[in-house]
Amino acid sequence: MYIKDMFSSKKTVISFEIFPPKKDYSIDTIYDTIDELAPLNPNYISVTYGAGGNNKDRNKTVEIASIIKNKYNIEALAHLTCISSTRDEVEEVLKSLRDNNIENILALRGDIPQDPNFKFPTPLHFKYAVDLIEKIKSTKDFCIGGACYPEGHIECSNLNDDIQNLKKKVDAGADFLITQLFFDNNFFYNFREKVDEIGINVPIEVGIMPVTNSRQIKRITSLCGAYVPKKFEKIMDRYIDKPQALKDAGIAYATEQIIDLLSSGVEGIHIYTMNNPEVARRIVSNIDSVVKAINNNIAV
């Protein structure tokens with residue numbers, strides 16, 4: 001099933017993101033995670049793309065997405081990055097996804113490799129995500145998701161320019177969008193007004209990451225530049241040496257964010273689980289009655 005069709009029902013889409021295990025860990029560990037996530041009945045589960053971008057990383061993403069779709073009968077969204085890929089490599093991944101009955105792709109540029117010896121493919125067919133979206137769209141085989149950034153992409157000078165770039169991705173064929181994480185909902189509400197004004201009318205699912213340890217917040221903010229509100233910073237500082245309290249507080253903060261977003265009419269919530277089923281389970285439990293109340297008020 002195409003993910004874009006899930007949004008057409010007007011009911012709230014709830015989904016999870018997981019990532020392949022690191023190279024030193026058995027891929028079997030991710031199956032334990034899926035076993036625990038499946039009973040939560042997500043609309044779909046997304047699988048991130050290996051950071052290295054090599055064949056082994058790509059194969060892990062395809063294998064895990066295939067298991068989600070074909071064993072667990074849950075729709076899978078396979079991430080696909082392009083900045084370090086040749087056209088032939090992208091076509092190979094698309095064929096593998098097609099062969100495994102995967103119908104949904106999140107098309108991303110990907111991080112620029114930090115290896116000083118890295119060399120971009122020549123010619124460089126996929127400089128930006130929009131180039132990959134155009135390629136996937138030409139196959140007519142997939143539903144395409146794109147990333148969006150309520151605070152603006154860290155490499156873009158301002159939010160308005162970033163939204164213009166987002167419009168190009170939607171015009172090229174992105175069927176729905178998933179936001180980068182944020183900790184202040186006002187950024188999203190401001191972003192939503194701006195994309196409405198520019199005529200971006202595809203569904204936007206909100207990405208939320210429950211922060212449950214102090215290392216996470218430092219890594220997250222350094223990678224994507226997300227603003228940390230004083231309220232959230234105070235929680236982190238207060239419980240930094242109390243792991244269980246910090247976990248509980250992080251889940252409570254994410255729950256509050258999600259309930260506010262749901263009450264404001266967002267089309268979906270994408271939970272960045274960090275492969276932690278307990279956190280996902282607690283959040284789904286916390287918001288269950290709210291989601292049901294919203295969905296029961298919708299005439300189908």
Side-chain angles (χ1 to χ4, degrees), residues 1-7 12-82 84-85 89-108 110-111 132 136 139-147 175-176 178 181 205 207-210 268-285:
M1 180 181 184
Y2 285 166
I3 288 172
K4 66 179 180 180
D5 295 332
M6 298 178 187
F7 293 103
T12 305
V13 171
I14 303 292
S15 58
F16 304 141
E17 178 187 281
I18 62 174
F19 53 82
K22 294 179 180 178
K23 62 181 180 180
D24 296 332
Y25 291 82
S26 167
I27 198 168
D28 292 341
T29 60
I30 198 63
Y31 301 145
D32 296 335
T33 300
I34 301 170
D35 274 337
E36 294 190 56
L37 291 175
L40 302 178
N41 298 315
N43 293 102
Y44 71 87
I45 297 176
S46 75
V47 187
T48 66
Y49 205 58
N54 57 42
N55 286 332
K56 189 173 181 180
D57 295 322
R58 288 193 285 266
N59 292 341
K60 280 186 179 180
T61 299
V62 174
E63 178 182 349
I64 295 166
S66 178
I67 290 290
I68 291 168
K69 175 67 180 285
N70 299 308
K71 177 181 177 181
Y72 291 87
N73 295 313
I74 298 171
E75 282 303 327
L77 173 65
H79 291 215
L80 177 57
T81 66
C82 63
S84 60
S85 298
E89 287 170 340
V90 167
E91 289 178 349
E92 179 184 339
V93 175
L94 294 179
K95 181 181 184 302
S96 183
L97 290 170
R98 195 181 298 112
D99 290 346
N100 282 276
N101 199 30
I102 307 301
E103 300 177 288
N104 301 285
I105 295 174
L106 185 65
L108 305 162
D111 297 328
L132 178 60
I136 300 170
T139 70
K140 301 180 180 179
D141 291 328
F142 301 96
C143 173
I144 306 168
D175 297 300
F176 67 97
I178 301 175
L181 63 92
E205 189 173 11
I208 295 292
M209 178 177 284
I269 300 292
H270 191 59
I271 300 173
Y272 298 117
T273 71
M274 300 302 291
N275 289 13
N276 190 327
E278 179 200 351
V279 173
R281 184 164 51 248
R282 288 177 61 182
I283 288 179
V284 168
S285 176

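For clarity, every value in this text was computed on a predicted model and none was experimentally measured.
Screening residues 27-40 for salt bridge (charged side-chain N to carboxylate O under 4.0 Å, His left out), with sequence neighbours left out, gives Glu36-Arg281.
Nearest heavy-atom pair, Val90 versus Ser85, reported as atom, atom and distance to 0.1 Å: CG2-CB, 3.8 Å. Here the shortest heavy-atom pairing between Pro42 and Ser15 reads CB-CA, 4.4 Å.
Residues Ile3 and Phe176 form a side-chain contact, since some pair of their non-hydrogen atoms from C-beta on lies under 4.5 Å apart. Here the side chains of Ile64 and Pro21 are in contact, with some heavy-atom distance below 4.5 Å. Thr139 has its side chain within reach of Arg98: a pair of non-hydrogen atoms, C-beta onward, lies under 4.5 Å apart. Contact of the Glu205 side chain with the Phe7 side chain is registered, since non-hydrogen atoms from C-beta on lie closer than 4.5 Å. Residues Val279 and Thr273 have side chains not in contact (no heavy-atom distance under 4.5 Å, counting atoms from C-beta outward). Looking only at side-chain heavy atoms (C-beta outward), Pro277 and Leu37 come within less than 4.5 Å of each other. Taking 4.5 Å as the limit, every side-chain heavy atom of Ile269 sits out of range of all side-chain heavy atoms of Ile283. Ile34 places a side-chain heavy atom less than 4.5 Å from the side chain of Ile68.
For Glu278, the salt bridge (Lys or Arg N to Asp or Glu O under 4.0 Å) partners are Lys247, Arg282, not counting sequence neighbours. For Asp175, the side chain to side chain contact (heavy atoms under 4.5 Å, CB included) partners two or more places apart in sequence, or in a different chain, are Lys4, Lys137, Cys143, Ile144. Among residues two or more places apart in sequence or in another chain, the salt bridge (Lys or Arg N to Asp or Glu O under 4.0 Å) test is passed with Glu17 by none. Under the side chain to side chain contact (heavy atoms under 4.5 Å, CB included) criterion, Ile67 pairs with Tyr31, Lys71, Tyr72, sequence neighbours left out. Taking Phe19 as the reference, Thr48, Met274, Asn275 meet the side chain to side chain contact (heavy atoms under 4.5 Å, CB included) condition, with sequence neighbours excluded.
Between the side chain of Asn70 and the backbone N or O of Ile102 there is no donor-acceptor pair closer than 3.5 Å.
The distance from the OH atom of Tyr49 to the CD1 atom of Ile105 is 10.0 Å, given to the nearest 0.5 Å. We find the OH-CZ distance between Tyr44 and Phe16 to be 11.0 Å, quoted to the nearest 0.5 Å. Taking CD1 of Ile45 as the reference point, atom CD1 of Ile74 lies at 4.5 Å (rounded to 0.5 Å).
With respect to Leu80, the side chain to side chain contact (heavy atoms under 4.5 Å, CB included) criterion is satisfied by exactly one of Leu108, Val93, Leu106, Thr61: Val93.
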